[in-house]
Q: 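Handing you a structure now.
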Amino acid sequence: MRTSWTSRLTSALFALPYTICFAMFLLFPIGYGIYISLHDFELLSEEHPFVGLANYIAIFSGGTYENSVFLRGLWATAQFVLFSVPLLIAVGLGLAMLVNVLPGRIRGLFRTFYFMPYAISASVMAVIWLMMFDTNAGLINSMLMKLGFDTIPWLTDTPWAWVSLIATTLWWTIGFNMIIFINALNEVPEDYYEAASIDGATVWSKFAYITLPSIRPVMLFVMITSTIASFNVYAQPFLLTRGGPGDSTKVLLMNVLDQAFIRKEIGSASAMAIIMALLIMIISVVQYRLTYGRKESGV
């Protein structure tokens with residue numbers, strides 16, 4: 001009995017640092033954010049009266065400034081998510097399959113090469129791609145001019161601004177997904193492929209009926225993490241396009257920060273952030289149900 005009590009205490013002590021950090025840096029900010037969203041919390045005012053759900057009602061009421069800003073930012077964010085997430089999954093898996101068939105030393109070289117951009121900071125990423133995409137002196141437009149083509153307004157016109165942001169995101173983050181997929185592919189038993197080859201299965205059949213079902217849990221993980229990261233996009237549009245042209249690439253997180261620190265309306269900004277978090281949670285649950293709900297139903 002004493003040994004059991006000692007073991008539980010030891011386990012609790014090992015978990016205590018994580019529990020403290022979890023409470024300080026996640027639970028408390030979430031709780032305080034919800035508290036702020038229920039108050040008229042202006043940054044320059046000492047009084048913060050309780051307003052209940054007024055901030056949330058303003059966001060969902062047509063014709064209000066909060067509603068307009070929230071919907072514009074949400075639409076821009078949704079476009080980024082819809083275009084970037086499928087590419088982050090497909091390109092990441094494609095690179096993983098390509099690198100996985102290379103010889104050992106070359107495989108390690110390519111893994112390092114593709115993963116290196118993921119290790120750099122957002123500011124460094126922005127400097128690199130501003131030099132690439134600059135309309136007048138960028139490397140890409142300079143090469144196009146030498147080849148006799150017209151220059152492209154990569155960062156100052158749509159849809160090129162979205163193309164630039166998504167291309168930059170792929171280059172910057174695809175290494176993480178590739179590494180995850182490589183590890184998943186290495187866990188698929190070779191016996192499955194050998195048996196399929198004996199039965200005369202094509203490369204596509206092996207991919208569709210062996211590879212994809214075997215890596216389904218990892219696929220779900222990559223899908224959810226890529227979706228969450230894309231919903232929280234900020235550095236790319238802020239540093240590359242400043243939300244332009246106009247407000248076409250001004251994503252929701254940029255509007256939340258403007259609402260908080262330019263308009264000084266912290267309560268309204270917190271309500272927007274809470275709604276954004278709830279949307280991410282709902283989408284993650286839907287993705288999980290679509291992936292495993294179909295499996296459980298026998299589809």
Side-chain angles (χ1 to χ4, degrees), residues 15-82 84-85 121-123 165 169 173 176 221 223-239 241-243 247 249-289:
L16 185 61
Y18 172 80
T19 304
I20 293 173
C21 292
F22 181 78
M24 288 179 58
F25 298 109
L26 187 64
L27 293 183
F28 176 74
I30 291 175
Y32 192 55
I34 295 173
Y35 170 82
I36 292 174
S37 71
L38 300 175
H39 291 74
D40 184 9
F41 209 100
E42 293 188 9
L43 191 61
L44 301 180
S45 175
E46 294 183 359
E47 297 183 358
H48 311 301
F50 178 78
V51 295
L53 299 177
N55 288 322
Y56 294 93
I57 294 172
I59 293 171
F60 289 107
S61 299
T64 64
Y65 175 81
E66 290 81 4
N67 175 263
S68 176
V69 166
F70 182 81
L71 291 181
R72 284 203 309 268
L74 183 60
W75 171 239
T77 302
Q79 291 182 78
F80 183 82
V81 171
L82 289 173
S84 65
V85 171
S121 66
S123 57
L165 292 177
T169 302
T173 62
F176 176 80
F221 171 79
M223 184 188 305
I224 291 177
T225 54
S226 297
T227 301
I228 293 173
S230 295
F231 252 101
N232 285 282
V233 62
Y234 177 79
Q236 301 93 303
F238 178 76
L239 295 172
T241 66
R242 296 291 178 178
D247 289 335
T249 62
K250 193 170 185 181
V251 294
L252 182 55
L253 199 54
M254 294 176 67
N255 285 339
V256 170
L257 291 176
D258 285 352
Q259 188 76 359
F261 300 111
I262 294 180
R263 291 179 58 87
K264 316 299 183 187
E265 296 182 2
I266 304 295
S268 177
S270 296
M272 292 182 183
I274 296 297
I275 296 171
M276 178 179 172
L278 290 175
L279 286 174
I280 294 173
M281 291 173 62
I282 292 170
I283 292 172
S284 298
V285 171
V286 170
Q287 289 175 329
Y288 179 85
R289 295 301 302 171

Q: With respect to D258, which candidate in K264, R263, K250 satisfies the salt bridge (charged side-chain N to carboxylate O under 4.0 Å, His left out) definition?
A: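 Of the listed residues K264, R263, K250, the salt bridge (charged side-chain N to carboxylate O under 4.0 Å, His left out) partner of D258 is K250.
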Q: Could you tell me which non-hydrogen atom of N255 sits nearest to which non-hydrogen atom of R72, and how far apart they are?
A: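 That would be ND2-C, 4.4 Å.
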Q: Between the side chain of T64 and the main-chain N/O of A58, is any donor-acceptor distance below 3.5 Å?
A: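 Yes: the side chain of T64 pairs with the backbone of A58.
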Q: Using side-chain heavy atoms (C-beta onward) and a distance below 4.5 Å, is T227 in contact with I283?
A: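 They are in contact (side-chain heavy atoms under 4.5 Å apart), so the answer is yes.
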Q: To the nearest 0.5 angstrom, please state how far the CD1 atom of I20 sits from the CG atom of L16.
A: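 Here the interatomic distance stands at 4.0 Å.
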Q: Any idea which heavy atoms bring Q287 and I224 closest together, and the distance?
A: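 In this case the closest contact between Q287 and I224 is OE1-CG1, 3.4 Å.
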Q: Do R242 and F238 form a cation-pi contact, if we require the NZ or CZ to be under 6.0 Å from the six-membered ring centre and within 45 degrees of the ring's axis?
A: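 Judged by the rule, R242 and F238 form a cation-pi pair.
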Q: Using a 6.0 Å cut-off, check whether atom OH of Y18 has over 12 heavy atoms from anything other than its own residue.
A: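 No.
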Q: Taking all non-hydrogen atoms of both residues into account, name the closest pair between Q259 and S268 and its distance.
A: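 So the minimum-distance heavy-atom pair works out to NE2-OG, 3.2 Å.
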Q: For the CG atom of L53 and the CZ atom of F60, what is their distance to the nearest 0.5 Å?
A: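 Reported value, rounded in 0.5 Å steps: 10.5 Å.
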Q: Heavy-atom distance under 4.5 Å between the side chains of L252 and W75, does that happen here?
A: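 Of all side-chain heavy-atom pairs linking W75 with L252, none is under 4.5 Å.
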Q: Going through the checks in order, is the side chain to side chain contact (heavy atoms under 4.5 Å, CB included) test met by H48 and I266?
A: CA-CA 10 Å; H48 311 301; I266 304 295; over 6 Å; no
Q: Please report the C-alpha distance between M223 and Y288 in whole Å, then the side-chain angles of each, then the deciding distance to 0.1 Å, and finally whether the side chain to side chain contact (heavy atoms under 4.5 Å, CB included) criterion is met.
A: CA-CA 9 Å; M223 184 188 305; Y288 179 85; over 6 Å; no
Q: In Å, rounded to the nearest 0.5 Å, how long is the span from CZ of F50 to CG of D40?
A: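 The distance works out to 12.0 Å.
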Q: To the nearest 0.5 Å, what is the distance between OG on S270 and CD1 on I275?
A: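 Between S270 OG and I275 CD1, I get 11.0 Å after rounding to 0.5 Å.
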Q: Please confirm whether the backbone N or O of G243 pairs with a side-chain atom of T249, one donor and one acceptor, at under 3.5 Å?
A: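 Side chain of T249 to backbone of G243: a pair is present.
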Q: How long is the gap from CE on M272 to CD on E265, to the nearest 0.5 Å?
A: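 It is 8.5 Å, given to the nearest 0.5 Å.
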Q: Output the distance between atom CD1 (I59) and atom OG (S68), rounded to the nearest 0.5 Å.
A: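 So the gap between those two atoms works out to 12.5 Å.
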Q: Under 3.5 Å, is there a donor on one side chain and an acceptor on the other for S230 and S84?
A: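 Per modelled atom types, S230 and S84 side chains form a pair under 3.5 Å.
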Q: Side chain to side chain contact (heavy atoms under 4.5 Å, CB included) for L74 and L279? Distances and angles first, verdict last.
A: CA-CA 10 Å; L74 183 60; L279 286 174; 3.9 Å; yes
Q: Only counting residues at least two apart or in another chain, list the ones meeting side-chain hydrogen bond (donor to acceptor under 3.5 Å, both in side chains) with N67.
A: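 Checked N67 against side-chain hydrogen bond (donor to acceptor under 3.5 Å, both in side chains); zero matches.
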Q: Check the orientation of F221 and F176. Use parallel for under 30°, tilted for 30 to 60°, and perpendicular for over 60°.
A: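 Because their plane-to-plane angle lies in the 30° to 60° range, the rings of F221 and F176 count as tilted.
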Q: Do side-chain atoms of N55 reach the backbone of A271 as a donor and acceptor pair under 3.5 angstrom?
A: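 Not a single qualifying donor-acceptor pair exists.
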Q: Just so I know, are the side chains of V251 and F231 near enough to count as touching, which here means a heavy-atom distance under 4.5 Å?
A: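 Not in contact.
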Q: On the 0 to 90° scale, with breaks at 30° and 60°, tag the F28-Y32 ring pair as parallel, tilted or perpendicular.
A: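 It falls in the parallel class, under 30°.
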Q: With the side chain counted from C-beta on, respond yes when V233 and L253 share a heavy-atom pair under 4.5 Å apart, and no when they do not.
A: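 No, side chains not in contact.
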Q: Can you tell if the side chain of P237 reaches within under 4.5 Å of the side chain of M254, non-hydrogen atoms only?
A: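 Side chain of P237 against side chain of M254, heavy atoms only: contact under 4.5 Å found.
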Q: Excluding sequence neighbours, so at least two apart, what forms side-chain hydrogen bond (donor to acceptor under 3.5 Å, both in side chains) with T77?
A: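 T77 satisfies side-chain hydrogen bond (donor to acceptor under 3.5 Å, both in side chains) with no residue once adjacent residues are dropped.
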